[in-house]
Amino acid sequence: MNRLRYLNPFRIHAAAREVKRLAGGGGPARIRLARVGEPRGLILPTAEVELEVQARNGTVTTYKPALPVAWPYAWAWRLARLLKVPLVRSLEPEKISFSVGVPGRS
């Protein structure tokens with residue numbers, strides 16, 4: 001039932017308000033993936049990500065959506081962590097971070 005919270009009209013209104021606020025800053029200039037969470041959920045796994053959107057006027061807005069993860073990937077991740085596979089054990093998804101500029105924007 002946790003997935004139904006995204007259909008809440010108050011959440012939809014808040015998301016629309018955030019998009020309007022971002023567009024009021026001249027549109028996005030740079031998007032930064034600040035954090036990726038571990039996959040959660042047994043049948044429909046999702047991972048929470050943290051996105052920082054910098055508007056052209058310099059304001060930064062943070063979004064924390066839960067994005068779907070492919071079922072085989074989520075289960076392979078869990079199994080590799082359980083078996084302590086060296087490459088997966090050393091990788092911390094919380095430390096993944098990068099940013100990209102929006103094409104056509106300075």
Side-chain angles (χ1 to χ4, degrees):
M1 290 295 139
N2 196 8
R3 303 214 190 289
L4 293 179
R5 68 184 173 137
Y6 296 113
L7 297 177
N8 184 337
F10 297 111
R11 284 190 175 266
I12 294 170
H13 182 265
R17 186 176 57 237
E18 290 296 321
V19 168
K20 184 178 178 183
R21 185 166 61 107
L22 177 65
R30 178 166 291 289
I31 300 173
R32 179 174 180 263
L33 178 66
R35 186 182 67 81
V36 177
E38 291 192 18
R40 302 204 184 276
L42 297 176
I43 298 172
L44 298 172
T46 59
E48 186 176 279
V49 298
E50 184 175 324
L51 298 171
E52 294 176 353
V53 180
Q54 180 182 4
R56 288 178 58 190
N57 67 358
T59 60
V60 176
T61 306
T62 302
Y63 298 98
K64 294 183 180 180
L67 300 178
V69 177
W71 187 84
Y73 172 77
W75 280 97
W77 174 266
R78 290 183 185 122
L79 185 60
R81 294 289 266 195
L82 181 68
L83 298 175
K84 299 184 187 217
V85 175
L87 288 175
V88 177
R89 183 181 60 210
S90 64
L91 178 66
E92 292 296 327
E94 300 285 330
K95 294 181 180 178
I96 295 174
S97 174
F98 65 90
S99 65
V100 293
V102 176
R105 304 284 181 162
S106 56

**Request:** Using the side chain to side chain contact (heavy atoms under 4.5 Å, CB included) rule, take Trp71 and Leu42 through it: C-alpha gap first, then chi angles, then the decisive distance, then the call.
**Result:** CA-CA 9 Å; Trp71 187 84; Leu42 297 176; over 6 Å; no

**Message:** Working note: Glu52 + Arg30, criterion side chain to side chain contact (heavy atoms under 4.5 Å, CB included); need CA distance, chi angles, decisive distance, verdict.
**Reply:** CA-CA 8 Å; Glu52 294 176 353; Arg30 178 166 291 289; over 6 Å; no

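Scanning both residues, Leu33 and Val49, for their nearest heavy atoms gives CD1-CB, 4.0 Å. Pairing each heavy atom of Leu51 with each of Pro65, the nearest pair is CD1-CG, 4.4 Å. The two atoms that bring Pro39 and Arg78 nearest to each other are O-NH2, 3.4 Å, heavy atoms only. Across all their heavy atoms, Gly41 and Pro45 have their closest contact at O-CB, 3.7 Å.
Comment: Arg35 engages Glu48 in a salt bridge, judged by a side-chain N to carboxylate O separation of less than 4.0 angstrom. A salt bridge between Glu50 and Arg32 is absent, with no side-chain N of the basic residue lying under 4.0 Å from a carboxylate O of the acidic one.
Each of Ile31 and Val60 belongs to its own hydrophobic cluster when Ile, Leu, Val, Met, Phe, Trp and Tyr are linked at side-chain heavy-atom distances under 4.5 angstrom. Put simply, Trp77 and Leu82 are part of two different groups of oily side chains (I, L, V, M, F, W, Y) that touch within less than 4.5 Å, one to the next.
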